[in-house]
Amino acid sequence: MRRHLVFWLQCTAILLLLSPVSSLARPLPQGDPLYLNFVLNATYFPSEDYYDYIVVGGGTAGCPLAATLSQSYRVLVLERGGVPYGNQNLMNQEGFLTTLTEVDTFDSPAQSFTSEDGVLNARGRVLGGSSAINAGFYSRADPEFYESSGVNWDLSLVNQSYEWVERGVVFRPELKNWQSAVRDALLEAGIDPYHGFTLDHLVGTKIGGSTFDSSGKRHSAADLLNYGKPANIKVALYASVERVLLASSSSNVLSRQSAIGVVYRDETGRYHHAMVKEKGEVLLCAGAIGSPQLLLLSGIGPRPYLSSWGIPVVYHHPYVGQFVYDNPRNGISILPPIPLEYSLIQVAGITEMGAYVEAASNVIPFTTPSRSAFIRPPSSPLLLTVATIMEKIVGPISTGSLRLASTDVRVNPIVRFNYFSNPIDLERCVNGTRKIGDILRSRSMDDFKFNEWFGSRNFRFVGPSLPVDQSNYEQMADFCRRTVSTIWHYHGGCVVGRVVDQNYHVIGIDALRVVDGSTFTISPGTNPQATVMMLGRYVGLRIIKERKRLK
Ligand SMILES: Cc1cc2nc3c(=O)[nH]c(=O)nc-3n(C[C@H](O)[C@H](O)[C@H](O)COP(=O)(O)OP(=O)(O)OC[C@H]3O[C@@H](n4cnc5c(N)ncnc54)[C@H](O)[C@@H]3O)c2cc1C
Ligand SMILES: *[C@@H]1O[C@H](CO)[C@@H](O)[C@H](O)[C@H]1NC(C)=O
Ligand SMILES: *[C@@H]1O[C@H](CO)[C@@H](O)[C@H](O)[C@H]1NC(C)=O
Ligand SMILES: *[C@@H]1O[C@H](CO)[C@@H](O)[C@H](O)[C@H]1NC(C)=O
């Protein structure tokens, strides 16, 4: 618990009031998918069945992809977790930290992992994936993403796909005290112009979208399943996919391997086979940790490496699990002298110096008395109110890799991100943390200082404060390395151009695609979830069009 607390305090992190938001989203056509008859525990599924599309991972990309394909085809979604609905910590923004700090069991909705860099991280294990455990900030990709991500995007279809997502799950937040103060401070620090509320990625300061609604209730990619065609879609919960089944396509002279289905286990340990019908496909949407892991477990990866695990090699793919990235997060946390509302990320400062600035404010229950804690009346639990300003760097350029820790799919693979191994990333962090220095010196931040003896006013930092001499590059660089944390925007492992082609097909294999954050070579814009959901919708529409054309 302590470690998790420190991990959050280093970077992010107040009060129990909900921030009312006004909705962009129209009411969804039906209720929560929980009440829809197409979402069932995997134990109720037959040991063998046939589908047009098998979506592995009911996450941020998987749900919109499956809902879209179900308009025309029979679709199965295999999700290793349960539903978020009914879980108060997942469904309310105040539960954000509790979800992340919950004791990690084989079925907790947030699965923690620590990279070899020593940074504690997390991924979703629940319908909706990481969008069901995240901080809810919603912002479209930066224009450069479409130019440099290696895909020849149809930009009008991209916009259509974003709009479809936004009608379902995106809301306009109303700023309370901390977020408003940070917005004003960003502008004072020169991150301008001010754009007000916008979902677009624009240099300057803005209020972004949120997947939390006016009552603070979470909406996630799981809600997008409501757009699915109930007669065509089945969602199996607690279905842990172990590998993709591959066979050589006999009709082909070159004898290419083709995905023919998947093997999964339900919560009782029973095996099931889900098979694809003619012209069908297996679509991996298991995320940046899960998708490369599944390709490796299926024999698609670097030959010598797979052999060292005794995994039969189906296709030598040197870059599976390579080019794995995570955006380092650095920043400061303070104890405010005045009560603050609880807030996750709502405003963003988009600089041209290689860094984005965001903020949060949390109430953290504290078990041990601390002299500096914001102490509540004795009858209430001890609460520590913490306000955070953080920066994330653009990119990043530093890259790492992923390898198996076990052939058991439930065991986290080992990942290393090599934060700041590229000096440009370090310079971006120095730029971003210097900006945080400017923000702290702004007039808007003055209210958050304590009156000290002799009339001076100072911040009370929780965790490390910025170096005093912020003009000293070495000291700032050292701060970046020493306080590095994650903003959970890790990506890669099945990147476009190396592992998958422009249309997200696994290169060299038929009927197999990867559609999720593992395909990204750079993190899109300030925060990735908008782009990941858009991608699911986008690829779904493309697949439908493609098949109609082939008919
Ligand atoms: C704590 C946290 C806070 C974040 N905050 C924000 C934010 O505020 N804004 C933002 O834009 N982004 C945020 N992000 C990042 C964003 O949520 C992720 O980038 C995005 O959700 C990744 O989507 P994905 O589809 O690639 O993977 P996921 O959404 O993680 O989906 C993968 C799915 O596959 C399932 N799966 C994996 N392996 C298997 C298997 N073998 N069998 C069956 N199912 C499997 C998983 O259970 C999961 O449901 C945050 C992330 C985290 C973790
Ligand atoms: C599905 O599995 C979960 C987890 O074991 C269990 O809590 C739930 O009751 C099951 N639901 C049904 C309908 O069997
Ligand atoms: C897509 O939407 C953005 C605003 O989000 C707009 O600037 C752009 O021109 C649109 N592109 C197309 C092709 O419609
Ligand atoms: C850091 O900021 C300076 C000053 O704005 C800028 O010239 C430089 O390009 C930035 N560095 C990076 C890596 O973006």
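In each ligand, atom 1 is the first atom listed, and ligand 1 is the first ligand listed.
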(request) Give the contacting part of His491 toward ligand 1: side chain, backbone, both or neither, where contact means a heavy-atom distance below 4.0 Å. (result) neither

(message) For Ala239, which part has a heavy atom under 4.0 Å from ligand 1: side chain, backbone, both, or neither?
(response) backbone

Considering the heavy atoms of [X], write down every atom of ligand 1 situated less than 4.0 Å from one of them.
X: Val409; answer: 41 (N)
X: Gly124; answer: 46 (C), 47 (O), 48 (C)
X: Ala122; answer: 53 (C)
X: Gly287; answer: 26 (O), 27 (O), 32 (C)
X: Ser131; answer: 21 (O)
X: Leu78; answer: 43 (C), 44 (N)
X: Cys285; answer: 31 (O), 32 (C), 33 (C), 34 (O)

(request) Evaluate whether atom CG of Leu187 has more than 12 neighbouring non-hydrogen atoms of other residues, nucleotides or ligands under 6.0 angstrom away. (result) yes

(request) Check whether more than 12 heavy atoms from other residues, nucleotides or ligands sit under 6.0 Å from atom CZ of Arg434, and answer yes or no. (result) yes

Protein heavy-atom contact under 4.0 Å for [atom]?
atom: atom 14 (O) of ligand 4; answer: yes
atom: atom 9 (O) of ligand 3; answer: no
atom: atom 4 (C) of ligand 4; answer: no

(request) For atom 40 (C) of ligand 1, find the nearest protein heavy atom and state the residue, atom name and distance (0.1 Å precision). (result) Val241 N, 3.8 Å

(request) Among all protein heavy atoms, pick out the one at the shortest distance from atom 5 (N) of ligand 1; state its residue, atom name and that distance to 0.1 Å. (result) Ala135 N, 3.1 Å

Any side-chain heavy-atom pair of [X] and [Y] under 4.5 Å:
X: Cys63; Y: Leu127; result: yes
X: Arg140; Y: Asn159; result: yes
X: Glu281; Y: Arg513; result: yes

Looking only at N/O atoms, are [X] and ligand 1 under 3.5 Å apart anywhere?
X: Leu294; value: no
X: Ala61; value: yes
X: Val532; value: no
X: Gly517; value: yes
X: Ser240; value: no
X: Asp516; value: no
X: Ser518; value: no
X: Ile487; value: no
X: Asn134; value: yes

(request) Look at ligand 1 and say whether Val126 reaches it with a heavy atom at a distance under 4.0 Å. (result) yes

(request) Could you tell me if any non-hydrogen atom of Gly62 lies under 4.0 Å from any atom of ligand 1? (result) no

(message) Quick check on contacts: which atoms of ligand 3 are under 4.0 angstrom from a heavy atom of Asp200?
(response) 4 (C), 5 (O)

Donor-acceptor side-chain pairing of [X] and [Y] below 3.5 angstrom:
X: His489; Y: Asp326; result: no
X: Thr43; Y: Thr268; result: no
X: Gln179; Y: Ser343; result: yes
X: Tyr162; Y: Asp200; result: no

(request) Pick, from Ser130, Ala132, Gly525, the option with the minimum heavy-atom distance to atom 18 (C) of ligand 1. (result) Ser130

(message) For atom 22 (C) of ligand 1, which of the options Thr60, Val262, Thr531 provides the nearest non-hydrogen atom?
(response) Thr60

Parallel under 30°, tilted from 30 to 60°, perpendicular over 60°: which one fits the rings of [X] and [Y]?
X: Phe145; Y: Trp153; answer: tilted
X: Phe45; Y: Tyr264; answer: perpendicular
X: Trp164; Y: Tyr227; answer: tilted

(message) Using a 4.0 Å cut-off to any heavy atom of Arg428, which atoms of ligand 4 qualify?
(response) 13 (C)

(request) Give yes or no for whether the N/O distance cutoff of 3.5 Å, strictly under, is met between Asn159 and ligand 3. (result) yes

(message) Between Asp213 and Lys217, does any NZ, NE, NH1 or NH2 come within less than 4.0 Å of an OD or OE carboxylate oxygen?
(response) no

